[in-house]
Amino acid sequence: MSVRPPTMTDVLRARRLLADLLPPTPMWSYPALDEACGATVHLKHENAQPTGAFKVRGGLTLLAAMTPAEHARGIVGYSTGNHAQSLAYAAAHFGAPCVIVMPRNPNPAKAAAVRARGAELIEHGADLGAAAAHAAELARRRSMRLVSAADEPELIAGVATAYLEVFEQAPDLDAVLVPVGGGSGAAAACLVASAVSPGCRVVAAQSAASPAAHDSWRAGELVTRPNRTRVEGLAVGCGFALTQRLMREHGLADFVLLDDAAIAAAQWRLMRDAHTLVEGAGAVALAALLADRERFAGQRVAVMCSGANASEHEVRSCWPGDGAAAEATAAAVASGVGSASPAGPRGVTAR
């Protein structure tokens, strides 16, 4: 069944709704990042959200659109973590039962946060695809509303409010770099940029070890791909119809792939140079900028720092200390990005 794509009217409605629920997040510039990237970098701190990630905007918008009867039935979602926290947070706010299915052995911090918000957490399957199938079966058996990880107009409209803030905070951007798992963030960025800043390029970034969204966009049709990335927020094995449609119709400029070592290196650089703790999915947009300095040289670039929910193991693994993984991270940090001393942020432009 075809899903109606969200419009800018939907985004503006979501903005009015969220104004009473979430304050705008800051966007900072850091001299050390500017030097490393050869560009003026504006880091959008969605890691400052109450759930630690941008997804909460979508969860609240989706639950707000549901009727009291739908709230009473409750929702079932599937996620590797941040979408799950978003739904649990929104369900608690609206008093709706919430069931979340995660692949087995999830990030302990994300799983604990979901349970702490009152959701029922079920671990099932080796990957997100298996979790999604189980969630669909649970929703059918319990007569609850199944919430897709990406193909939900309200989710995308809510996420798009972050990009309204980006263009208010820095109206003359040349490019916005966006992380992609299922693609709700990139779809939202394209929708907003095409309406309010059509000269700004939106560039999507994904792990090369889980390239389903990238390959779907390149092929012009939905494909499935092996899902091998260590970056759980990017661990998606299939394309989603609605997000792919929006990226194509609203002019995604490019879609790039990064290896997991480069993503870990960007995590470390954000900790060192921007005093910012992020998970891998929150660092992949910066990794794309660091990997292609010449392309963005001298430009004003927004980088979406989408989430901060890194496990302790993940934080330790991106530290350039001992071991093979650390050596790969250190090499990725060193290659082509120069050396920059830590420096504080330069200016905040939250509305």
Side-chain angles (χ1 to χ4, degrees), residues 6-30 33 39-62 64 82-83 86 89-90 153-180 183-205 243 246-247 250 252 270 274 276 278 281-286 289 299-308 345-351:
T7 67
M8 278 303 298
T9 300
D10 298 316
V11 177
L12 294 172
R13 287 197 187 104
R15 179 187 174 126
R16 290 186 63 183
L17 162 74
L18 294 175
D20 294 328
L21 301 175
L22 299 172
T25 55
M27 191 158 75
W28 294 86
S29 291
Y30 301 85
L33 284 186
T40 301
V41 181
H42 300 273
L43 196 63
K44 180 61 169 168
H45 282 284
E46 286 294 286
N47 57 302
Q49 292 288 6
T51 61
F54 76 107
K55 297 267 190 181
V56 69
R57 296 175 182 264
L60 286 168
T61 303
L62 184 140
N82 286 335
H83 177 54
S86 164
Y89 183 96
E154 293 85 4
L155 287 182
I156 296 170
V159 168
T161 62
Y163 295 95
L164 281 179
E165 292 176 17
V166 165
F167 289 109
E168 288 176 338
Q169 293 163 344
D172 53 350
L173 291 169
D174 297 298
V176 177
L177 275 66
V178 186
V180 174
S184 62
C190 290
L191 174 60
V192 174
S194 65
V196 305
S197 187
C200 177
R201 309 185 315 280
V202 178
V203 177
T243 56
L246 288 167
M247 286 188 285
H250 292 280
L252 181 68
L270 283 165
T276 299
V278 297
V284 67
L286 180 64
L289 179 55
Q299 297 182 22
R300 290 170 54 86
V301 182
V303 171
M304 181 56 69
C305 182
S306 58
R346 184 178 66 246
V348 60
T349 52
R351 70 175 160 81

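Remember, predicted model here, so these are calculated numbers, not experimental data. The figures here come from the full heavy-atom set of this structure, side chains too, leaving out hydrogens, waters and symmetry mates.
Side-chain N or O atoms of Ser29 include one that pairs as donor or acceptor with a backbone N or O of Val41 at under 3.5 Å. Under the 3.5 Å distance criterion, the side-chain polar atoms of Ser86 are matched with a main-chain donor or acceptor of Lys55. Looking only at distances, no side-chain donor or acceptor of Ser194 sits under 3.5 Å from a matching main-chain atom of Val192. Without hydrogens or angle criteria, Ser197 side chain to Ala193 main chain gives no donor-acceptor distance under 3.5 Å.
Among all heavy-atom pairs drawn from Ala285 and Val303, the shortest one is CB-CG1, 3.8 Å. Summarising the geometry of Ala186 relative to Val202, their closest heavy-atom pair is O-CG1, 4.5 Å, with the distance given to 0.1 Å. Considering all non-hydrogen atoms of both residues, Gly185 and Val159 come closest at CA-CG1, 3.9 Å. Shortest non-hydrogen contact noted between Pro6 and Pro153 is CB-O, 3.7 Å. Residues Val11 and Thr161 come closest through the heavy atom pair O-CG2, 3.8 Å. Contact between His250 and Cys190 at its shortest, heavy atoms only, is CB-O, 3.5 Å.
Using a 4.5 Å heavy-atom cutoff, the side chains of Pro179 and Met304 are in contact. Side-chain contact check for Thr40 versus Gln299: every heavy-atom pair is 4.5 Å or farther apart. Side-chain contact between Thr61 and Leu18: present, with at least one pair of heavy atoms (C-beta onward) separated by less than 4.5 Å. In this structure the side chain of Val301 reaches within 4.5 angstrom of the side chain of Leu177, judged on heavy atoms. Within the 4.5 Å cutoff, side-chain heavy atoms of Thr243 are placed close to those of Ile156. Residues Leu164 and Arg15 are in side-chain contact: their nearest non-hydrogen atoms beyond the backbone lie under 4.5 Å apart. Side-chain contact check for Leu286 versus Leu33: some heavy-atom pair is nearer than 4.5 Å. By the 4.5 Å heavy-atom criterion applied to side chains, Val178 and Val203 are not counted as neighbours.
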Could you walk me through whether Met27 and Leu43 pass the side chain to side chain contact (heavy atoms under 4.5 Å, CB included) test, one step at a time? CA-CA 5 Å; Met27 191 158 75; Leu43 196 63; 5.7 Å; no
Could you go step by step and tell me if Phe54 and Ser184 meet the side chain to side chain contact (heavy atoms under 4.5 Å, CB included) rule? CA-CA 10 Å; Phe54 76 107; Ser184 62; 4.1 Å; yes
Is there a salt bridge (charged side-chain N to carboxylate O under 4.0 Å, His left out) between Glu46 and Arg57 once you walk through the steps? CA-CA 10 Å; Glu46 286 294 286; Arg57 296 175 182 264; 2.7 Å; yes
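Qualifying side-chain hydrogen bond (donor to acceptor under 3.5 Å, both in side chains) partners for His45, counting only residues two or more places apart in sequence or in other chains: Tyr30, Asn47.
Pairs of residues two or more places apart, or lying in two chains, never qualify as salt bridge (Lys or Arg N to Asp or Glu O under 4.0 Å) while including a residue from residues 186-198.
The CG atom of Leu12 sits 12.5 Å away from the CG atom of Leu17 when rounded to the nearest 0.5 Å. Annotation: the span from Thr276 atom OG1 to Leu270 atom CG amounts to 6.0 Å, rounded to 0.5 Å. One distance of note links SG of Cys200 with CZ of Phe167; it measures 4.0 Å at 0.5 Å rounding. Rounding to the nearest 0.5 angstrom, the gap separating the CG atom in Leu22 from the OH atom in Tyr89 is 6.0 Å. For the atom pair OH of Tyr163 and CD of Glu168, the computed distance is 15.0 Å after rounding to the nearest 0.5 Å.
Of the charged side-chain nitrogens involved, at least one lies within less than 4.0 Å of a carboxylate oxygen, so that Asp172 and Arg300 count as a salt-bridged pair. Looking at Arg13 and Glu154, no side-chain N of the basic residue comes within less than 4.0 Å of a carboxylate O on the acidic one, giving no salt bridge. Under 4.0 Å is where a charged nitrogen must lie from a carboxylate oxygen, and between Lys44 and Glu165 at least one such pair does.
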